[in-house]
Amino acid sequence: MTAPIPHSLELRAGALRLALRPDLGGSIAGLWHGETPVLRSTEPAQLTLPRASASYPLVPYSNRVGNCQFSWLGKDYTTAANFGDYPHSVHGVAWLRGWEVVSSSPTDAALRYRHAPDEHWPFAFEVVQHFSVTPQEFTARFVFTNTDAQAQPAGLGWHPYFPKRTRSHLDIELTHRWDSDATHLPVRREAQAGIHADVAQLDFDNCFDGWQGAARIGDEKFSLQLTSTLPYLVVYTPQDKDYYCVEPVSHVSNAIQMADPAANGLRTLQAGETFEASMTLAVTAL
């Protein structure tokens with residue numbers, strides 16, 4: 001008999017508390033330093049949707065597959081719409097499914113999702129998401145394995161949401177920005193001399209490349225440093241929301257439809273091959 005998926009897990013180290021919801025897409029319900037949210041945070045028992053979480057996994061692709069279709073190794077595929085009436089499929093499939101707990105301790109946990117080919121993604125894979133906290137930082141790590149009999153495209157990422165505060169500010173070294181068409185698909189790569197501004201002054205919904213060093217994220221409560229083994233960032237700063245997003249990802253949005261997906265970060269994984277990635281958020285309370 002398969003064990004039931006736990007409703008929630010909590011990890012603690014020093015003042016940091018990380019709450020997970022394996023049953024809601026392997027998502028992070030919240031990250032707090034003492035009583036203050038570091039990420040947009042909801043007590044795990046109150047969280048009802050992965051999209052309302054502090055962060056959720058982007059597997060096996062980040063952002064969009066344009067018009068829910070792509071070609072791969074000479075064959076055409078479709079992906080199911082998964083974002084209401086939006087014309088593109090978004091953020092893969094793992095955030096829509098329950099994850100099983102592989103292991104847990106007071107400071108560490110590992111969750112696993114095993115995917116069988118379906119209307120959302122036509123290839124089999126397994127992904128394990130590792131979480132750990134110390135008094136100074138939180139780390140998430142993916143181990144993604146192609147369990148299909150053939151090669152498949154693969155992308156990974158995380159979707160952290162940060163609370164927008166009075167002095168929220170970004171300092172990020174990067175070199176280029178991808179501008180999108182009216183349907184939010186990237187069409188043009190432009191020079192971008194970093195992001196160094198208050199969040200209130202920004203209006204981004206873009207993928208960026210040439211990311212170097214730590215993304216420094218600050219406000220009146222915290223000084224944060226976000227690092228990752230993944231080379232791209234999606235930055236989303238909606239003017240009408242009380243949050244913003246800084247998302248480490250492995251590839252340009254909709255890379256799967258570009259002339260050279262590999263040049264824009266999309267991986268080709270052979271049968272049995274593994275792709276690993278990590279993200280760390282260092283937290284200093286002010």
Exceeds 12 heavy-atom contacts within 6.0 angstrom, atom [atom1] of [X]:
| X | atom1 | result |
| --- | --- | --- |
| K221 | NZ | no |
| E190 | CD | yes |
| D85 | CG | no |

May I ask you to test the [X]-[Y] pair for a side-chain heavy-atom distance under 4.5 Å?
| X | Y | value |
| --- | --- | --- |
| F138 | I28 | yes |
| L281 | Q225 | no |
| V90 | N82 | yes |
| I256 | P261 | no |
| L9 | L111 | yes |
| V143 | H130 | yes |
| P186 | N254 | yes |
| T166 | E220 | yes |

Shared hydrophobic cluster, [X] / [Y] (ILVMFWY, side-chain heavy atoms < 4.5 Å):
| X | Y | answer |
| --- | --- | --- |
| L233 | V252 | no |
| Y244 | V283 | yes |
| V65 | W72 | yes |
| Y113 | L96 | no |
| Y232 | I217 | no |

Looking only at heavy atoms, what is the nearest atom pair of [X] and [Y], with distance?
| X | Y | value |
| --- | --- | --- |
| P160 | E247 | CD-CA, 3.9 Å |
| L39 | F162 | CD2-CE2, 3.5 Å |
| F123 | A151 | CE2-O, 4.0 Å |
| T42 | W32 | O-CH2, 3.6 Å |
| L266 | G155 | CD1-N, 4.2 Å |
| Y86 | R64 | OH-NE, 2.6 Å |

Without swapping roles, check the side chain of [X] against the backbone of [Y] for a donor-acceptor pair under 3.5 Å.
| X | Y | value |
| --- | --- | --- |
| H115 | V93 | no |
| R112 | W99 | no |
| S41 | L31 | yes |
| W211 | G213 | yes |
| T134 | E137 | yes |
| S228 | L230 | yes |
| Q129 | G26 | yes |
| D198 | Q201 | no |

Could you grab the distance from atom [atom1] of [X] to atom [atom2] of [Y], nearest 0.5 Å is fine?
| X | Y | atom1 | atom2 | answer |
| --- | --- | --- | --- | --- |
| R189 | N206 | CZ | CG | 13.5 Å |
| S62 | L156 | OG | CG | 9.5 Å |
| C207 | N63 | SG | CG | 7.0 Å |
| F70 | M258 | CZ | CE | 15.5 Å |
| D203 | Q239 | CG | CD | 4.5 Å |
| L286 | D219 | CG | CG | 7.5 Å |

Regarding [X] and [Y], is there a side-chain donor-to-acceptor distance under 3.5 Å anywhere?
| X | Y | value |
| --- | --- | --- |
| H251 | N264 | no |
| T79 | S89 | yes |
| N146 | Q152 | yes |

Problem - Derivation of the side-chain contact (heavy atoms from CB on, under 4.5 Å) call for L185 and H88 - result: CA-CA 9 Å; L185 297 181; H88 316 305; 3.6 Å; yes
[X] with [Y]: basic N within carboxylate O range, under 4.0 Å:
| X | Y | answer |
| --- | --- | --- |
| R17 | E43 | yes |
| D23 | R21 | yes |
| D118 | R97 | yes |
| R114 | E100 | yes |

Exercise for the section: Apply the test side-chain contact (heavy atoms from CB on, under 4.5 Å) to residues V133 and R12: give CA-CA distance (whole Å), side-chain angles for both, the deciding distance (0.1 Å), then the verdict. Expected result: CA-CA 7 Å; V133 292; R12 296 174 184 262; 5.7 Å; no
Problem - Qualifying residue, where the test is ring pair (Phe, Tyr, Trp, His ring centres under 6.0 Å) with F142 and the options are F275, F125, W158 - result: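 For F142, the ring pair (Phe, Tyr, Trp, His ring centres under 6.0 Å) check succeeds only for W158.
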Handout entry: Stacked cation flag R177 on F208, 6.0 angstrom / 45 deg
Key =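 Not satisfied by the 6.0 Å and 45° rule.
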Practice task
Would you kindly check if the NZ (Lys) or CZ (Arg) of R40 is within the cone defined by 45 degrees around the ring axis of Y243 and under 6.0 Å from the six-membered ring centre?
Solution key: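 Judged by the rule (NZ or CZ under 6.0 Å from the ring centre, within 45° of its axis), R40 counts as positioned above Y243.
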Practice task
Using the six-membered ring wherever Trp is involved, compare the ring planes of F222 and H33 and label them parallel, tilted or perpendicular (cut-offs 30° and 60°).
Solution key: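 Rings of F222 and H33: perpendicular, over 60°.
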Practice task
Over 60° means perpendicular and under 30° means parallel, so classify the ring planes of W95 and H91, tilted if in between.
Solution key: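 Perpendicular.
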Exercise for the section: Evaluate the criterion side-chain contact (heavy atoms from CB on, under 4.5 Å) for residue pair T78 and C68; output intermediate values, then yes/no. Expected result: CA-CA 5 Å; T78 60; C68 299; 5.6 Å; no
Problem - Test of ring centre spacing under 6.0 Å for Y77 and W121 - result: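 No: the rings miss the under 6.0 Å criterion.
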Exercise for the section: May I have the step-by-step check of side-chain hydrogen bond (donor to acceptor under 3.5 Å, both in side chains) for T280 and T227, ending in yes or no? Expected result: CA-CA 5 Å; T280 296; T227 55; 4.5 Å; no
N/O donor to acceptor pairs below 3.5 angstrom from side-chain atoms of residues 44-60, sequence neighbours left out:
| residue | atom | partner | partner atom | Å |
| --- | --- | --- | --- | --- |
| S53 | OG | P50 | O | 2.6 |
| S53 | OG | S55 | N | 3.4 |
| S53 | OG | S55 | O | 3.2 |

Exercise for the section: For the pair T36 and V38, evaluate side-chain contact (heavy atoms from CB on, under 4.5 Å) and give the outcome as yes or no after the intermediate values. Expected result: CA-CA 6 Å; T36 306; V38 179; over 6 Å; no
